[in-house]
Every structure is written in C-alpha cells, then in structure tokens.
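Notes for the one structure printed next.
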Amino acid sequence: MPKGRLFASVMAADYTCFAEDIRAVVEAGVDGLHFDVMDGVFVPNITFGRDLVAAIRPLTDLPFNAHLMVAKPDLIAEQVIEAGANEVAIHPEAGGDLPRSLARIRELGAQPAVALDPRVPLEMIEWVLNDVDYAVVMSVNPGFSGQRFIPAVKRKLQVIAEAVRERGRDIRLLLDGGVAADNIAELAELGATDFVAGGSIFYNRPDEDRPKAAADRVRQLREAMP
Ligand code: DX5
Ligand code: ZN
C-alpha cells in the first residue's frame, strides 16, 4: 500500500501573499498542491486558471493536481497542463466525450482523473475507472473552500473503494472537501488514499502568524494520517 499523499488546496491560501503560503506548506511537507479551477459557469464561483498555475510552478517541484470545475474541461485541461499541472481531474457531468477527454489528458503528459460530486451517482464514473489514474471523491458540494464535510460521502467512499478493488488496478482515491486532522484517519480507513486540505490548513485566527500556522497544521494532518 503506497503512502497516503496530502495536497494543500491553493484556493484557500491568502490571495495577497500566495508565494509565502505556498512556501510554508511545501516546507512543512505537503506532497503536492491542489488547484481548484472554477469558471463561474460550472460552479457558482470563479477562482483562477493557467496563469496562476504557471506563476506558482517555479516555487516547487512537487506535483500539481488540477481539479477542473469548468464548462469546457478539454480547453482548460490543455491550458493547465501547459502551465505545469501534472495531474488533472474532470467532472463527468460537464458533458462532452469523457473517455476521449481523459485520453487527451494522458496524451498531453498528465495523469487523468475523474471527480465525483456528492450529488452525482457512482455510475457516472464507474465505466471510466479503467481509464484513470485516480478519482477525486468530493465530500462537499463543489464551489467553495471551508464547507462542512458531508457525512453521506463516507458510504459512497466505501462503495468506490470496493469498485476499485474489484478492478485490481492501482486507482488512488483523493478525498476532497472538509478534510481535517480529526477525520483523516477514519477516511483513510474507509478507503481514501490521498487527501486535499484547504481550510484546515490555511484558515486561521487573526492573531496567528499565518504561514507558521499553516505549516503547523500540515504537520498535524500528517501526524493524523495513518
Ligand atoms: C471545493 C474544492 C476543494 C476545496 C477544499 O470545490 O474542490 O478542493 O478547496 O477546501 P476545504 O478543505 O476547505 O473543504
Ligand atoms: Zn478540489
């Protein structure tokens, strides 16, 4: 069983000092950065795209994991891979030709993945599990960082983990949304192999030294991981 990976979600960092926050979590030992690309059409929020990925790329050699919540995943996948993303997840409900989109991501040199919204049934991704390197299992409704973990996803996670085991392929399950030091061990037990953490790393009290607090929280999450 490969070691679990922890990704810091860039959308939860301080937008006035990205570099400082990113350096702090990289030094504290995250395994990669998670980029939530949102276009205001697929989800009711807008974040960033290829330019931010490209701007942060020189700061670290760690894997960049892009999560595309956009209406045109093919176009944006190409852009973020060119900007330096190594792993790219797309949502099946965005439409289009899913197997073809996943194949194209691989052709462009990145690892393809599907992302499963809590409101979307497993059947939507089950038939492409053989085409992906990992699946993002969302445990909040896509669009915002800092939301509460949706408990019903625990059961879904177990079912997906079982579907992956049946295939006998090494498909990693990246749990995304509401992950914190007090639930990460349980989620690993249920079948999650990798984790995204946004608010539980970057949101802090006004009296805290921000990058230092983020680094401390990375270490706490790591300790809580099995
Ligand atoms: C939500 C995003 C998540 C988000 C996680 O649409 O996909 O990656 O940044 O943030 P937290 O960990 O705060 O729930
Ligand atoms: Zn995400």
Side-chain angles (χ1 to χ4, degrees), residues 4-15 18 21-22 25 28 30-49 52-53 56 63-71 73 76-77 80 85-94 110-120 125 132 134-154 156-157 172-188 192-205 210 213-214 217-218 220-222 224-225:
R5 298 188 301 167
L6 177 65
F7 289 88
S9 172
V10 171
M11 91 172 274
D14 186 335
Y15 285 33
F18 268 125
D21 273 13
I22 300 305
V25 296
V30 293
D31 299 294
L33 299 175
H34 180 83
F35 291 81
D36 290 300
V37 180
M38 304 182 185
D39 65 354
V41 178
F42 185 75
V43 286
N45 194 11
I46 299 177
T47 51
F48 41 69
L52 186 80
V53 175
I56 293 185
F64 278 15
N65 178 290
H67 177 187
L68 306 187
M69 285 156 275
V70 298
I76 307 300
V80 295
N86 313 96
E87 312 174 2
V88 179
I90 54 179
H91 281 258
E93 69 275 27
Q111 293 182 15
V114 271
L116 190 62
D117 181 313
R119 300 162 294 194
V120 170
I125 63 160
V132 300
Y134 67 101
V136 177
V137 180
M138 292 201 68
S139 36
V140 296
N141 293 327
F144 302 91
S145 194
Q147 302 180 78
R148 206 180 283 265
F149 181 91
I150 299 172
V153 171
K154 288 184 191 175
K156 211 170 176 183
L157 172 60
R172 303 182 65 81
L173 296 180
L174 176 65
L175 219 287
D176 184 16
V179 171
D182 62 5
N183 63 7
I184 205 163
E186 184 192 1
L187 296 167
T193 57
D194 299 328
F195 301 90
V196 173
S200 66
I201 291 179
F202 290 114
Y203 295 165
N204 57 330
R205 298 192 312 269
R210 189 184 166 87
R217 298 217 177 91
V218 167
Q220 285 160 14
L221 282 159
R222 270 250 162 276
M225 279 168 77

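We count ligands from 1, going down the list as the structure has it; atoms in each ligand are counted the same way. Index from 1, following the sequence. Excluded from the calculations below are hydrogen atoms, water molecules and symmetry mates; all remaining heavy atoms, backbone and side chain alike, are included.
For D36, the N/O/S atom at the shortest distance from the Zn ion (ligand 2) is named OD1. As for H34, its N/O/S atom nearest the Zn ion (ligand 2) is the one called NE2.
Below 30°, between 30° and 60°, or above 60°: for F48 and F18 the angle between ring planes is above 60°, a perpendicular geometry.
The closest heavy-atom contact to atom 12 (O) of ligand 1, among the options G198, S200, S9, A8, comes from G198. With distances taken over non-hydrogen atoms, the option nearest atom 6 (O) of ligand 1 out of S145, G143, A89 is G143.
In this structure, V80 and F35 have side chains that are not in contact, with every pair of non-hydrogen atoms separated by 4.5 Å or more. Between L221 and S200 the shortest side-chain heavy-atom distance falls below 4.5 Å. Using a 4.5 Å cut-off on side-chain heavy atoms (C-beta onward), V196 and H67 make no contact. The side-chain heavy atoms of K156 and V137, taken from C-beta on, include no pair separated by under 4.5 Å.
Of all heavy-atom pairs spanning D39 and V43, the tightest one is OD1-N, 4.1 Å. Looking at every heavy atom in both residues, R217 comes nearest to Y203 through NH1-O, 3.2 Å. In terms of heavy atoms, G4 sits closest to D31 at O-OD2, 3.9 Å. Closest heavy-atom contact between A89 and V136: CB-CG2, 3.6 Å.
Distances between N or O atoms of H67 and those of ligand 1 include at least one value under 3.5 Å. The distance criterion of under 3.5 Å between nitrogen or oxygen atoms is not met by P142 with respect to ligand 1. By the 3.5 Å distance cut-off applied to N or O atoms, V140 is not counted among the residues near ligand 1. Considering both main-chain and side-chain atoms, G146 comes within under 3.5 Å of ligand 1 through a nitrogen or oxygen pair. On a distance-only criterion, D176 and ligand 1 share at least one N/O pair closer than 3.5 Å.
Put simply, part of G177 is less than 4.0 Å from ligand 1, judged by heavy atoms. Heavy-atom separations between A12 and ligand 1 are all 4.0 Å or longer.
Of the angles at the Zn ion (ligand 2), the one spanning OD2 of D176 and ND1 of H67 is 90° when given to 10°.
The closest protein non-hydrogen atom to atom 14 (O) of ligand 1 is G178 N, 2.8 Å. The nearest heavy-atom contact from the protein to atom 2 (C) of ligand 1 is D36 OD1, 3.3 Å. Looking only at heavy atoms of the protein, atom 1 (C) of ligand 1 is closest to F144 O, 3.5 Å.
Contact atoms of ligand 1 toward A197: 12 (O) (distance under 4.0 Å to a heavy atom of the residue). Annotation for ligand 1: atoms under 4.0 Å from non-hydrogen atoms of M138 are 1 (C), 6 (O), 7 (O). Each of the atoms 11 (P), 12 (O), 13 (O) of ligand 1 lies under 4.0 Å from some heavy atom of G199. Atoms of ligand 1 found under 4.0 Å from any heavy atom of M11 (numbered from 1 in listed order, with element): 9 (O). For ligand 1, the atoms sitting less than 4.0 Å from at least one non-hydrogen atom of M69 are 6 (O), 7 (O), numbered in the order shown with element in parentheses. The atoms of ligand 1 that sit less than 4.0 Å from any heavy atom of H34 are 8 (O). For ligand 1, the atoms lying closer than 4.0 Å to a non-hydrogen atom of M38 are 6 (O).
Here CG of L187 is found 12.5 Å from CG of D194. Values are rounded to the nearest 0.5 Å.
Using a cut-off of 4.0 Å between Lys/Arg side-chain N and Asp/Glu carboxylate O, R172 and E87 are scored as not salt-bridged.
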Exercise for review: Tell me, with the steps shown, if V120 and I125 meet side chain to side chain contact (heavy atoms under 4.5 Å, CB included).
Suggested key: CA-CA 9 Å; V120 170; I125 63 160; 6.0 Å; no

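Under a 3.5 Å cut-off, the side chain of N183 and the backbone N or O of G178 do form a donor-acceptor pair.
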